[in-house]
There are 2 protein chains.
Amino acid sequence: MGYFTFRHPIKTYPWEVFAMSATLKDIARETNLSVTTVSLVLNKKPCRVSDATRELILKTAEEMNYYPNQLAVGLVKQQSNTIGLIIPDISNHFYSNLALGIDAEMNNHNKNIILLNTDFDAEKLVRGINVLKSRGVDAIILTAASLSPKNLSLYSDLLSNVRVPVVTVDHYYPELHCSAVQLNNRKGAYIAVKHLINYGHTDIACITGPRHSTVTLERLEGYRLAMKEAGLSLPEKYMFCGNYRQEGGARAAEEILRSTKATAIFAFNDVMALGACQTLKEHAVSIPDDMSIVGFDNIDFSGMLAVPLTTVNQPAYEIGQEAARQALLEIEHPDIEKRTITFEPHLIVRSSTKPRASKS
Amino acid sequence: MGYFTFRHPIKTYPWEVFAMSATLKDIARETNLSVTTVSLVLNKKPCRVSDATRELILKTAEEMNYYPNQLAVGLVKQQSNTIGLIIPDISNHFYSNLALGIDAEMNNHNKNIILLNTDFDAEKLVRGINVLKSRGVDAIILTAASLSPKNLSLYSDLLSNVRVPVVTVDHYYPELHCSAVQLNNRKGAYIAVKHLINYGHTDIACITGPRHSTVTLERLEGYRLAMKEAGLSLPEKYMFCGNYRQEGGARAAEEILRSTKATAIFAFNDVMALGACQTLKEHAVSIPDDMSIVGFDNIDFSGMLAVPLTTVNQPAYEIGQEAARQALLEIEHPDIEKRTITFEPHLIVRSSTKPRASKS
DNA sequence: GTGAAAGCGCTAACAC
DNA sequence: GTGTTAGCGCTTTCAC
């Protein structure tokens, strides 16, 4: 097991007497007033209640440590003050920073987050949307789903039916008719590859994300554009399909070593770049001497690696904040037009890339 | 701004007609049955309903894409199938992995997580507990709070009144009368320091967490024990108060360089160790030649740093799972005895520590 | 100034 | 086999 347990002495707790939380009714009984009046006062509704009564209610509520039951409030107001956050992997630094940004913003508006981790599983995603809907969330923030064209319509139907604002982060499908917040992925990939080209590399492999993710598609476009502009060929066998996870990067790097003569790798995110670095290390391929590598995301640790990683910066926290703001805006104004908010990337050059060695 | 926005063309959506989600009542009306019957069938309650009726209900529910309103269910069942997770910083790898483990386990039991990020702020923590209570969570998992003795009683009262199981992670106060899951921090610190001592170090500084955190206290005990056992002195000025954050580690390292002749540092977590590493680098102090450093947590990246970090392993995901299981258990059996579940640490020796250089 | 009553969507005890 | 009824805790309209 790897752990042991220690049983506490059996005990009864005096406070188990106060099993129930105070309700409006309790306060009404205590003060000899009606539930209505108590509700009115505690919600600071404009109404003609005598100061004495008001004081009494406030005092009693305080004493009884009254907190309104949000399930009941949500039921009647049809607004739960929660928002749903669907994320593929909360342990990924990009997403956890995104979540932090969202939380910070929502906190200012007294909304709480219901967190759903999909593990990159499309089925969990679909179920998750229904779960959130049934929980009456006021909005959904949806990150990085990878949808096949077939799934897309199902998905689109689903989102159409949630009746609450949906903001997609990091994957924009026009079919979805909802607001989106994302990085200019095309440009991000373009500047990453351009950097490698400027360093004299011509055989540049890439490790992509899942095939149907729009993020992947957009980054692929940027890669293609940069290669094409430089008059470089784009052999299919230089493109490797990863999964935005470490082991995917590691596996792709194996392939790259085995089947190409690439001198540079562009990994579509830092985590895969990391996986690739480990493979290269195992094969005693030096970075950047034998292989240059550039990542994407600029997660916290990419600058502190054995070989600090050159990467494209993506401001996760700010993206989260912005997504939260847009969700809040659409909750407030349901008929406001949808927007696409795009952040601009920039390249952070560190030590994992260097000019191509001339043949020796 | 750093980003631009693009406005979508204004559009009306045909599906806005189906503004409402289907309710039991809708299905009852549609099938000419009573709400009760529909509820009974959809909840798979043992009851004598004709197969024809059952089929009809199931089919209709399917067609109308019925999902029960969980606010209503929660209100009447006094059980919301949500659990509250209070975490100081979700962007910290230890906590995000913890959250992942909790989510995985809760997912298997159809419970969702309401995530509250406290930013290490005691006030947010207190507010958070009340918020969760008012949201009717079935249990609360509470991580790493740092309570002054004064706060402790307030806090204890608060928790007593939530009426739902509380499982504390990574901070055990007997006064709280709730189950706890944690690492054997005392032992973890002990083996870390022992390792440094075995390497011949005698001037060992430590960077602690906040003063009142039990994690800090326990690790401090382990540190003291190892030092004492080895007959080493324990000058106060070798103990530096950090905050479990990177900048805290960096600041403490400055102090260590300025005011001690330490040859080794034991940082109470990896993130602070990282901060310290950066300071040392800025001061051109070589790790491990001039300074050995050992961390705590074994977060993902600690092995991939420029100088791979020697650290104490803490299985965040498993700790999360176990906390979730205990919470689930107590939801199921409210009167079950509370437990303390302790995981055993082990040291992972990498390159940031080495035997002390003999004076040259 | 304050209260009665209806209803949000659901469950469950009890009729018939 | 199926329906009636009450009620979870709250908001809100309307009456007094």
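Lettering follows sequence order; numbering is per chain, from 1.
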OP1 or OP2 of C/dG9 under 4.0 Å from side-chain N/O of A/Gln78: yes

Under-4.0 Å side-chain N/O to phosphate OP1/OP2 contact, A/Ser50 with C/dG1: no

Spacing of B/Asn43 atom CG relative to D/dT2 atom C1', expressed in whole Å: 16 Å

With sequence neighbours excluded, residues passing side-chain contact (heavy atoms from CB on, under 4.5 Å) with B/Glu332: none

C/dC8 OP1/OP2 closer than 4.0 Å to side-chain N/O of B/Thr23: no

side-chain N/O A/Thr36 vs D/dT11 OP1/OP2, d < 4.0 Å: no

Enclosure of B/Glu30 CD (heavy-atom neighbours >12, cutoff 6.0 Å): no

Side chain to side chain donor-acceptor pair (under 3.5 Å) against A/Asn112, all qualifying residues, sequence neighbours excluded: B/Arg135

A/Thr31: partners by side chain to side chain donor-acceptor pair (under 3.5 Å), with sequence neighbours left out: none

Partners passing side chain to side chain donor-acceptor pair (under 3.5 Å) against A/Ser34 (at least two apart in sequence or in another chain): A/Thr37

Contact under 4.0 Å: B/Ser39 side-chain N or O vs C/dC10 OP1/OP2: no

Rounded distance (Å) that lies between atom P of C/dG7 and atom CG of B/Asn69: 18 Å

Rounded distance in Å - CG (A/Leu24) to P (D/dT12): 12 Å

Nearest-Å distance for atom pair NZ/P, residues B/Lys25 and D/dG3: 16 Å

Qualifying residues under side chain to side chain donor-acceptor pair (under 3.5 Å), relative to B/Arg29, sequence neighbours excluded: B/Asp26

Aromatic plane relationship, B/Tyr95 with B/Phe120 - under 30° parallel, 30 to 60° tilted, over 60° perpendicular: perpendicular

Phosphate contact (C/dC8 OP1 or OP2) by A/Lys77 side-chain N/O below 4.0 Å: no

B/Glu322 and B/Gln326 side chains, donor-acceptor separation under 3.5 Å: no

B/Tyr67 vs C/dC10: side-chain N/O to OP1/OP2 distance below 4.0 Å: no

Closest listed nucleotide, where the reference is the side chain of B/Leu33 and the choices are C/dC10, C/dC8, D/dG3: D/dG3

Nearest-Å distance for atom pair CG/P, residues B/Leu40 and C/dC10: 14 Å

Residue closer to the 5' end of DNA chain D, B/Arg54 versus A/Gln70 (nearest nucleotide): B/Arg54

Separation of D/dA6 P from B/Leu75 CG (nearest whole Å): 18 Å

N or O in side chain of A/Thr53 less than 4.0 angstrom from C/dT2 OP1/OP2: yes

Upstream residue (5' side of DNA chain D) when A/Arg48 and A/Val35 are each assigned their closest nucleotide: A/Val35

Inter-end axis angle, the helix from C/dG1-D/dC16 to C/dC16-D/dG1, with every axis fitted to five base pairs (rounded, 10 degrees): 50°

Rounded distance (Å) that lies between atom C1' of D/dT2 and atom NZ of B/Lys45: 16 Å

Atom-pair distance (CG on A/Leu42; P on D/dT12), nearest Å: 14 Å

Distance test, side-chain N/O of A/Ser34 to OP1/OP2 of C/dT2, below 4.0 Å: no

Sugar-phosphate, base or nothing in reach of B/Leu71, heavy atoms under 4.0 Å: nothing

